[in-house]
Amino acid sequence: MKNKTDHRFPPLLPVTLFMVIGILVGNRYPFSLGILAPGCLILLISICFFFLKLKPFVISICCIALFFGFFSSARMLNPPGSLASISQFTDSSKYTITGKIVSFSKDYQRKKRVTLSCDMVEKKGLRPVRVQGRILLNIYYRQGQILQYGDLIQFKSPLKPIRNFSNPNGFDYENYMLYAGVYGSAYANASKIEILLQPIRIHVRVIRVLEHLRNQFFDFAMDKLKNKPVAAVLVALVTGKKEAIPLSIKDLFSKAGASHILAISGLHLSIIALGFFSVFYFLLACFPRLLMSGIAKKTAGILTLFPLFFYGVFSGFSPSTQRAFIMTSIFMISFLGERENNPLNTLTL
């Protein structure tokens with residue numbers, strides 16, 4: 001008979017703690033590797049050897065997690081100083097920029113905003129330079145064709161750096177965008193943006209269909225519901241598009257401590273997962289052999305991940321959505337491997 005309780009120390013907990021400390025040190029001291037190695041590394045290894053009594057294999061994974069967290073954080077905050085980085089061209093000069101749209105659009109009253117993965121920049125009198133890195137592109141619509149996810153476009157615009165406001169102790173917007181891999185911003189009128197021909201892959205077509213459905217729901221809700229703030233909140237809860245919510249409503253959610261409800265995260269995905277799991281399990285339970293062997297419940301868990309993933313993409317696949325989907329997937333995997341009796345280890349993974 002299998003023991004249902006497991007009192008062993010979860011081995012993934014110190015690995016997670018090592019990675020968190022590496023990220024924090026890399027964020028605070030991005031160039032101080034000397035502070036990281038003799039201080040944190042020796043201290044944490046000593047703790048693991050003398051107090052946690054971890055195996056050497058776990059200790060080695062902890063060290064890898066520590067350095068991975070450190071270098072990941074430092075690399076994001078300090079992009080490579082070569083001509084291949086788009087950050088080297090954010091001097092507010094006007095460039096001809098070529099790049100691919102790699103995000104869903106955020107719809108504001110007079111503009112749309114997308115994330116652009118840059119491929120090439122060109123300045124008058126200089127040779128074109130191939131680059132890498134992302135920027136924010138604000139598109140102002142008067143006339144012109146609608147741009148979609150995966151479009152390879154070319155336009156002219158000043159390339160501006162991301163800057164913080166001057167308020168003391170204010171939100172660090174610059175570092176926030178650096179962690180998102182965004183190094184600058186540009187703007188252009190839709191009529192002056194040229195779409196370059198390229199083969200469209202299957203996954204791009206699927207994402208475009210999901211984005212089209214998302215925009216259709218947005219337009220339908222905003223058009224049919226007379227109470228526009230209510231419509232905006234409904235759209236945010238279903239699709240993750242929060243641009244239409246009035247600032248006064250956002251302030252009310254913030255004061256109530258409920259701003260997280262407007263972000264597609266664990267609450268939303270757990271509701272979706274419960275619904276699809278119940279449907280799949282009900283259908284599979286119609287087959288007695290699957291029900292008696294226990295395969296019906298496990299198969300329902302696997303099938304649930306597919307609509308959950310598509311809903312995550314449909315809602316924009318924000319970091320909170322990605323985290324919730326990963327956690328749901330890990331729980332399903334632990335359930336399939338009959339390891340669900342150790343939730344702390346699952347959570348740290």
Side-chain angles (χ1 to χ4, degrees), residues 2-80 172 175-182 260 263-270 273 298 301-302 304-305 308-309 312-313 317-349:
K2 186 178 291 186
N3 186 13
K4 292 296 182 182
T5 59
D6 190 355
H7 300 289
R8 292 178 300 172
F9 187 84
L12 287 178
L13 181 58
V15 176
T16 301
L17 294 177
F18 269 60
M19 180 174 289
V20 169
I21 292 175
I23 290 172
L24 293 176
V25 174
N27 182 49
R28 184 66 180 85
Y29 305 103
F31 294 109
S32 303
L33 185 59
I35 296 177
L36 174 72
C40 297
L41 187 59
I42 295 176
L43 177 62
L44 292 174
I45 290 179
S46 301
I47 291 174
C48 290
F49 270 120
F50 293 106
F51 294 99
L52 304 181
K53 298 180 180 179
L54 299 178
K55 296 180 179 179
F57 175 74
V58 178
I59 294 293
S60 62
I61 298 298
C62 288
C63 295
I64 294 174
L66 181 72
F67 283 102
F68 176 78
F70 173 80
F71 285 112
S72 296
S73 180
R75 180 181 59 84
M76 286 184 174
L77 295 178
N78 300 274
D172 196 344
N175 272 11
Y176 171 77
M177 296 309 296
L178 284 176
Y179 274 122
V182 176
H260 60 281
I264 306 297
S265 58
L267 173 65
H268 304 74
L269 263 66
S270 61
K298 294 183 178 181
I302 296 175
T304 301
L305 295 178
L308 206 62
F309 174 77
V313 177
F317 223 40
S318 64
S320 60
T321 308
Q322 295 176 37
R323 180 182 66 247
F325 176 76
I326 291 172
M327 292 181 70
T328 306
S329 302
I330 292 172
F331 174 78
M332 290 296 183
I333 293 172
S334 66
F335 175 72
L336 293 175
E338 298 182 356
R339 299 278 182 173
E340 69 274 14
N341 60 317
N342 199 336
L344 184 58
N345 212 40
T346 303
L347 178 63
T348 53
L349 177 61

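The side-chain contact (heavy atoms from CB on, under 4.5 Å) check on Leu267 picks up Ile271, with sequence neighbours excluded. When the side-chain hydrogen bond (donor to acceptor under 3.5 Å, both in side chains) test is applied to Asp172, the partners found at least two apart in sequence or on another chain are Asn164, Asn175. Residues passing the side-chain contact (heavy atoms from CB on, under 4.5 Å) test with Ile333, sequence neighbours excluded: none. Remark: Tyr179 pairs with Asn27, Ser73 by the side-chain hydrogen bond (donor to acceptor under 3.5 Å, both in side chains) rule, at least two apart or across chains. With sequence neighbours left out, Phe309 forms a ring-ring contact (aromatic ring centres under 6.0 Å, His included) with Phe317, Phe325. The side-chain contact (heavy atoms from CB on, under 4.5 Å) check on Ser318 picks up Ser320, Thr321, with sequence neighbours excluded. With sequence neighbours left out, the side-chain contact (heavy atoms from CB on, under 4.5 Å) criterion links Met177 to Leu136, Ile162, Tyr173, Val182.
Atom CG in Leu12 sits 11.0 Å away from atom CG in Leu17 (nearest 0.5 Å). Rounding to the nearest 0.5 Å places CG of Leu269 at 11.5 Å from CD of Gln322. Atom CE of residue Met332 and atom OG1 of residue Thr304 lie 5.0 Å apart, to the nearest 0.5 angstrom. Separation of atoms NE2 (His268) and CG (Leu308) is listed at 12.5 Å; rounding is to 0.5 Å. In this structure, Leu24 CG and Phe70 CZ are separated by 12.0 Å, a value rounded to the nearest 0.5 Å. Between Leu344 atom CG and Leu349 atom CG the span is 11.5 Å, to the nearest 0.5 Å.
At least one donor-acceptor pair under 3.5 Å links the side chain of Thr16 to the backbone N or O of Thr348. Of the possible donor and acceptor atoms, none in the side chain of Ser72 sits under 3.5 Å from a partner among the backbone N and O of Gly69.
When all heavy atoms are compared, the tightest approach of His260 to Ser265 is O-OG, 4.2 Å. Between Gly266 and Ala324, the closest heavy-atom pair is N-CB, 3.5 Å.
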